[in-house]
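The next block holds one structure in the form of structure tokens; read it before the comments.
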Protein chains: 2
Amino acid sequence: MSTGIGSNGQTKLIRVPKTAELIADQLRSRIVRGVLKKGDALPTEVELVKQFGVSRPTLREAFRILESESLIVVRRGSRGGVLVSSPETSVAARSFGLLLQMSGTTLADLYAARKVLEPAAVEMLTQRKAPADVVDLKSAAGALAVLVNDGVDDADFHEWSAATFAFHDLIMERSGNNTIALVGAVLREVTTRHMARAVTTSTDHAEIEKQFKATIRAFTKLTNLIESGDAAGAKEFWTTHMDRAGRNMLWGDLANETVIDLFV
Amino acid sequence: MSTGIGSNGQTKLIRVPKTAELIADQLRSRIVRGVLKKGDALPTEVELVKQFGVSRPTLREAFRILESESLIVVRRGSRGGVLVSSPETSVAARSFGLLLQMSGTTLADLYAARKVLEPAAVEMLTQRKAPADVVDLKSAAGALAVLVNDGVDDADFHEWSAATFAFHDLIMERSGNNTIALVGAVLREVTTRHMARAVTTSTDHAEIEKQFKATIRAFTKLTNLIESGDAAGAKEFWTTHMDRAGRNMLWGDLANETVIDLFV
DNA sequence: ACCAATTTGTACGTATGTATC
DNA sequence: GGATACATACGTACAAATTGG
């Protein structure tokens, strides 16, 4: 049952891909072409070993490659096996984060890029808004307001941040442009991993609470502008809001801090 | 690795990390923290096996993981071994391309996102331009002009496209924003892989040549606007140029074609 | 053309986790 | 709740391919 993989000895110039990569390519091809859909189970290891005519360690190396791309998840146990999964944004965020990290990108640089994308998304969203979009935006803004107003005593800043980011994500999602939504999600995820630390190291609770309340007002105002269909006004308002929020968030050293410590 | 933000509600998120992943995490940590720099050689397999106290198959699985992130390259042979490498944009482009592909993103959608980023980059570049930037832009535009004017007889459209994309990349690179440059490079790479096919399948050579000559004129005009420091004008011109170029490039079915066939 | 160093691939055995009866 | 069957996880040992001197 040889697929003719190991019998090539003539081509020396081209880099011969490792067998595990070839197996991973074949499996990935089945997945992305839709032959295998999300949730489907692949045959067992022994079955695949027979199908591809390779050994088990080689097949397992292929599994690790696809697993690192989050195209599959491997569960052990009686009902275990290999399941097809959907690629998560976290994978792209990780590889992109590595890229940012190795090139010494600062947080201010990263935020500046988001300041370009989000106002554009706001403009698009306003132009194509559906009633459901406005409802959901109000709901997301309301969720943050509930958290901040009710939870003053035992404030969970991580929870507040999560609600804030959810609103930002919603804007990108509903922009109507899938690419912008995905890029925004990736950049936002990289930002989040830094902000989680920044928010906890800050001790001025009153100041933080004040900023979050300003954020809630900004969310409300933006939602109103979107609802009224004022695309230019919404875009301009969001530009100034992100500019102001960025100055408050990226104080001092944090702005010039490079994207690091994401994967240590 | 996995952040556990699964859209999958039912799956157990308590994922026991496999030893290969743990080894990969440790090695990755050494690399990104700068303990191991690009070009450095890791110990041999047998040495690492002794260091980590795992078996060779397990260690090799860790190699495959890091290799898929292009953090290492493994050469075989007498002077072979594991070398530390820098992550390439192609890795991020691949994971991001998978994301686009699985979510059924169209080429028109992808191009629309680039129409947001590039004009913003043009504006930034104009505001912060150094003399060298203008020189290099002129050089890049001139390179395309030479190719198109001299090579009419045996036109190599792939070469022409490469020169065109080089100009686009240069704009993003010199925008002063590293994040935008990297995002632009990733999106551009995904676009390229499709365009390479589209350009070859088209047979109307005269029409293609006409479009490329229009592109050269646009490059020249943009360079002049940047040189004169007219940020708003440059941004507006580039918006209209990309709009027009997009309509010419994404004719008919191609616009609604989804991002596919990248990894089959 | 040989040889040494190194990764690559194979084979089999044991351990461990998970669902089902 | 415990025994059991099934599937992956991991380890040891060995043969083959590749590269550089």
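Quick note on labels: first sequence line is chain A, next is B, and so on, each numbered from 1. We use all heavy atoms of the structure for the numbers below, so side chains are in, but hydrogens, waters and symmetry mates are not.
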- Reckon A/E45 touches a base, only the sugar-phosphate, or nothing at all at heavy-atom distances under 4.0 Å? sugar-phosphate
- Message: I'd like to know if the side chain of B/D40 and the backbone of B/K37 have a donor-acceptor N/O pair within less than 3.5 Å.
- Response: yes
- Consider the side chain of B/S78, meaning its heavy atoms from C-beta on, and name the nucleotide among D/dC6, D/dC10, D/dG20 that approaches it most closely. D/dG20
- Query: To the side chain of A/R79, which of D/dG20, C/dT20, C/dT8 is closest?
  - Reply: C/dT20
- Note on the structure: To the nearest angstrom, the CD-P distance between A/E47 and D/dC6 comes to 15 Å
- Applying side-chain hydrogen bond (donor to acceptor under 3.5 Å, both in side chains), run through B/T58 and B/S55 and close with a yes or a no. CA-CA 5 Å; B/T58 303; B/S55 73; 3.2 Å; yes
- Message: Please compare B/P57 and B/T44 by the position of their nearest nucleotide in DNA chain C and report the one closer to 5'.
- Response: B/T44
- Query: Across the strands shown, which category fits B/R75 at heavy-atom distances under 4.0 angstrom: base, sugar-phosphate, nothing?
  - Reply: sugar-phosphate
- Atom-to-atom span, CG of A/L42 to C1' of D/dC6 - whole angstrom: 17 Å
- Query: OP1 or OP2 of D/dC10 sitting under 4.0 Å from any side-chain N/O of B/T19?
  - Reply: yes
- Which one, C/dG9, D/dT8, D/dT18, comes nearest to the side chain of B/R76? D/dT18
- Separation of A/R60 atom CZ from D/dC10 atom P, in whole Å? 6 Å
- Task: Take atom CZ of A/R56 and atom C1' of C/dG13, then tell me their distance rounded to the nearest Å.
- Result: 10 Å
- Side-chain (B/S139) to main-chain (B/V135) donor-acceptor, under 3.5 angstrom: no
- Query: Are the side chain of B/D109 and the backbone of B/T106 linked by a donor-acceptor contact shorter than 3.5 Å?
  - Reply: no
- To the nearest Å, give me how far apart CZ (A/F52) and C1' (C/dT10) are. 17 Å
- Message: Over all strands shown, is B/V54 touching base, sugar-phosphate only, or nothing at heavy-atom distances under 4.0 angstrom?
- Response: sugar-phosphate
